[in-house]
Amino acid sequence: MKSHYRVVVIGGGVVGCSVLYHLVKLGWTDVALVERKTLTSGSSWHAAGIFHALNADPNIAALQAYTIKLFKEIQAESGQNVGLHMTGGINVASAPERWEWLKAAYRIFQTMGIDTARLVGRDEIKAMHPLMDVSDVLGGLYDVSEGHVDTYGTTYAYAGAARKRGATIIENNRVLELKAKPDGWDVITEKGTIGCEHVVNCGGLWAKQVGLMAGLDLPVTPMEHHYLVTETIPEIAAMKEELPLIVDLEGFTYTRQEGKGLLVGLYERNFKHWRMEGAPWDFGIELNQEDIDRIAPELEIGFKRFPALQQVGIKKWVNGSFTFTPDGNPLVGRAPGVRNYWTACGVMAGFLQGGGVGLSLAEMMVHSEPSTDIWGMDIARYGGWAANREYLRQTTGQFYSRRFVMTYPNEQLWAGRPLRTAPAYGAMTQNGMRWGVLWGLEVPLYVAPSKDFEETPTLKRSNAHDIVGAECRKTRETVGLLDTSAFSRYEVTGPKALTWLDRVMASKIPAPGRCALAPMLAPSGKLRGDLSVFNWGDGTFWIMGSYYLRAWHMRWFRDHLEDGVSVRDISDDWVGFSLSGPRSRELMEAVVQNADVSNQGFRFLACREIDVGLSRAKVGRLSVNGELGYEINVPASEHLTLYRTLKKAGADFGMVEIGFNAMLSLRIEKSFGLWNREFTQVYTPGETGLDRWIAFGKRGFVGRDAALKEREKGAKRRLVTLEVAAVDADPSSWEPVWCGDKMVGYITSGAYGHTVGKSIGMALIDKAHAEVGTELTTHVVGVERKATVIAPSPYDPTGARMRI
Ligand SMILES: Cc1cc2nc3c(=O)[nH]c(=O)nc-3n(C[C@H](O)[C@H](O)[C@H](O)COP(=O)(O)OP(=O)(O)OC[C@H]3O[C@@H](n4cnc5c(N)ncnc54)[C@H](O)[C@@H]3O)c2cc1C
């Protein structure tokens, strides 16, 4: 053990060892892993070792595919056998909607380049797994590259390969304390103090405590999980081939062959947390007492699915613990607000995801950014609020118990809600507003026609389709009122505010009294934001963006901060409403006394302080749906008053209250992109059309060199608008787009355009196929549909309506 390393990785489970391996692989060899006992002493020793391809987040599915390819590589490098059983695996559907979902998932696999999967019918499933009762099975998604590994062997293979490349592993040495220093950390361990620049929390079952050592309360908690292993099953003993892995999605169980018997794991609905504050420090290679009564309902389903289980004894029960986050995805990346403190924890499936997690974290540390879009597991997708014990208990419990339960895109789940509500929430609810949730905040979806209205969960158009359609049409005909509390707002002040904005934003910074769209880039030229900047004219600027990116944005802003500028997240202090539609000006005139809101007095993209009703509001003349519009921002305490003022005055102008569902439809009719759909951290301005807003002539902004290079070379693909010949469902995202049988791109988002009467998709398409009029196809919920490239902005292509 040296007294100083560049990086200290805390925790020698599969994830810590993978992080260590990837750091040395990417060239950082002065790294050490410190383990409390011996490697695998947390969850890793007793996992079932299963890996499979399916994940609801396609980016994470791609990283899982990377992990699977890595097993042979680390085995060869380390000389340690990983015990690879590439048996293939089948996700089985026994409900019609699930079968539809699997068919859609298969197409998304194609988009991700996962070419090892195919759909299989009931007979083929029975032939592959003769022990299974398939009488109610409708079909499955089979992937040859699924199976299981030996958990001990795999962890030691990562570790051995890392050692060979120069990493140090220090076992039987608990980290007791972390002390921040100006240039990094002092890691106080049982064997002495180690200095380092960076610390990585791979603490697994102890991640909570290792977070608290740096003042971070992470949204992570251990939960109990069971599997059983049977005695020898004679039919299996007689088989030549190993059985494939089965995930019975309606049955709550997963199964693989273990020796000559079966291993059956369960995700029970009656979940149980285990040591929410983290495992005890003296916890060893131990298991929890099995709790058969608690898991009995799911076990019964499993025994029906595999009748042979009824004839054999159970050789081994495993009731172990592993960690969960509110959405079940890991916490990876640099912790916002804590210098050089990184996390790779909350990894629910370390053998399946460990490789991808290790790679992504190492890329972030060594290259400053990951090569794939890892938003779905970025630690900055949560704020401190998510660590609240009751929130964590409800959301992780919900995730665990619904692990194999189908969740529809339009389904609203209950856990941790309502947490945060804008002040007009109660009044809007009275008026029939239905709510979704974003970063803990209730966001309006649509106004239901009656108290009893229930939206049917579906992959297709729901019974709220026409309600949303009416909101869209009314907005385009008269005026729509939208609660904009779910926009983030950052206040930039100080003598250097303008210079700073000029450096971090790639666009021209608007003149006093003006606002503008402002793309933000990484040094690599990839996108970091599709923000709006407001220059209020008094030395104060606002940046506005998506609410759920608050911690992510603030981490970036802090990283680029300089003396003489202050950036404050004011999203909880300022909220608002937008008015949009042809009659929004008349309505504004009715509630504004001290300003001329006409096109002469308040031009498109102007912004200023105006009295709206009783409020001194900050107003911008813009809209997200291409209509004449005004975004009115007020202090949170005046939100309800503003709502009442606008509701009262709006009655004379046919105003309709709308939600985000209408907004999403209206914006796609304008081909306006969204963050994490059309714009992500791995796309570039040239591909997505955001280059139109870049001030290439401006010197010194972050990402300029790379953006100039892209402009010279030209982007290989383009964001286009597609008219899709959809019938009862609209494109959503990640569906492949085909020219004949060649995949030429994929859908980034889609919706029904109610006022243009078309199903619309936006898609990233190879340049050669991006011309208007090109006839392509796509798969909507697994069904092939014609998709034609149309000119952008099918509604009001010249943009005249928002400028009037
Ligand atoms: C019953 C069961 C079945 C499972 N089946 C599967 C499966 O089939 N497939 C799959 O992919 N996953 C499965 N898992 C999940 C899998 O086990 C975990 O995702 C994985 O082990 C997490 O690895 P980790 O490295 O993050 O954490 P851990 O394995 O918990 O490792 C953390 C390590 O950090 C060390 N540590 C903590 N604090 C300190 C400190 N202060 N100082 C020094 N060292 C410290 C601990 O000693 C420990 O060794 C299963 C889990 C269970 C319980």
Side-chain angles (χ1 to χ4, degrees), residues 8-20 32-52 64 67-68 89 146-149 151-152 154-155 158-159 169-178 187-191 194 199-213 220 222-229 245 247 254-256 258 263-267 274 278-285 287-288 290 316-324 328 330-332 343-358:
V8 169
V9 176
I10 304 173
V14 64
V15 175
C17 292
S18 169
V19 167
L20 192 73
L33 182 151
V34 180
E35 164 54 43
R36 186 182 60 107
K37 295 199 174 220
T38 51
L39 301 183
T40 77
S41 296
S43 298
S44 296
W45 70 273
H46 58 296
I50 286 171
F51 55 87
H52 54 85
Q64 291 178 179
T67 304
I68 294 168
E146 298 193 347
H148 56 102
V149 282
T151 57
Y152 174 91
T154 302
T155 310
Y158 279 121
I169 295 177
I170 307 151
E171 291 180 284
N172 298 306
N173 188 23
R174 173 152 79 92
V175 172
L176 305 168
E177 212 183 320
L178 292 173
V187 181
I188 323 291
T189 76
E190 286 172 334
K191 291 183 181 170
I194 310 171
V199 161
V200 188
N201 176 353
C202 297
L205 290 174
W206 297 264
K208 189 97 184 165
Q209 296 98 308
V210 178
L212 290 171
M213 288 179 192
V220 64
M223 297 183 76
E224 286 191 12
H225 182 65
H226 283 80
Y227 66 77
L228 62 87
V229 179
L245 157 75
V247 177
Y254 60 86
T255 325
R256 70 164 171 82
E258 170 73 24
L263 178 154
V264 183
L266 304 107
Y267 278 95
W274 181 82
W281 286 119
D282 59 357
F283 191 68
I285 305 283
L287 291 174
N288 309 310
E290 64 265 25
K316 183 165 86 172
W317 280 103
V318 172
N319 179 13
S321 304
F322 60 127
T323 48
F324 286 80
L331 301 175
V332 181
T343 62
C345 59
V347 186
M348 178 191 64
F351 294 90
L352 166 63
Q353 298 177 334
V357 166

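Ligands are counted one by one from 1 in listed order, and the atoms in each one are counted from 1 as well.
For the pair M213 and ligand 1, the shortest N or O to N or O distance does not fall below 3.5 Å. Distances between N or O atoms of V210 and those of ligand 1 include no value under 3.5 Å. For the pair A344 and ligand 1, the shortest N or O to N or O distance does not fall below 3.5 Å. Any N or O atom pair closer than 3.5 Å counts here, and F322 shares no such pair with ligand 1. The shortest N or O to N or O distance between V175 and ligand 1 is under 3.5 Å. Inclusion of V347 in the set of residues having an N or O under 3.5 Å from an N or O of ligand 1 is warranted.
Checking H225, Q353, Q64, H226 against atom 2 (C) of ligand 1, the nearest heavy atom belongs to H225. Residue nearest to atom 17 (O) of ligand 1, selected from A349, A47, G11, S321: A47 (by heavy-atom distance). Of the candidates E35, E224, E177, R36, it is E35 that places a heavy atom closest to atom 48 (C) of ligand 1. Compare F324, Y158, W206 by their heavy atoms: the one nearest to atom 38 (N) of ligand 1 is in W206.
Ring geometry for F324 versus Y267: interplanar angle over 60°, hence perpendicular rather than tilted (30 to 60°).
At the top of the distance list for atom 9 (N) of ligand 1, counting protein heavy atoms only, stands I50 O, 2.9 Å.
Looking at K316, its side chain never comes within 3.5 Å of a backbone N or O of L263 through a donor-acceptor pair. Although no hydrogens or angles enter the test, the distance criterion places a donor-acceptor pair under 3.5 Å between the side chain of T151 and the main chain of S44. Judged by distance alone, with hydrogens and angles left aside, the side-chain atoms of S18 form a donor-acceptor pair with the main-chain N or O of G354 at under 3.5 Å. The backbone N or O of V34 sits nowhere less than 3.5 Å from a side-chain atom of N173 that would complete a donor-acceptor pair. Between the side chain of Q64 and the main chain of G356, no donor-acceptor pair closer than 3.5 Å is present.
With a 4.0 Å heavy-atom cut-off, ligand 1 is reached by no atom of C345.
Partner V175 forms a side-chain contact (heavy atoms from CB on, under 4.5 Å) with one of R36, E35, M213 and no other, that one being M213.
In this structure, W281 counts as a contact residue of ligand 1, since one of its heavy atoms falls inside 4.0 Å of the ligand.
Not counting sequence neighbours, the partners of L212 by the side chain to side chain contact (heavy atoms under 4.5 Å, CB included) test are D217.
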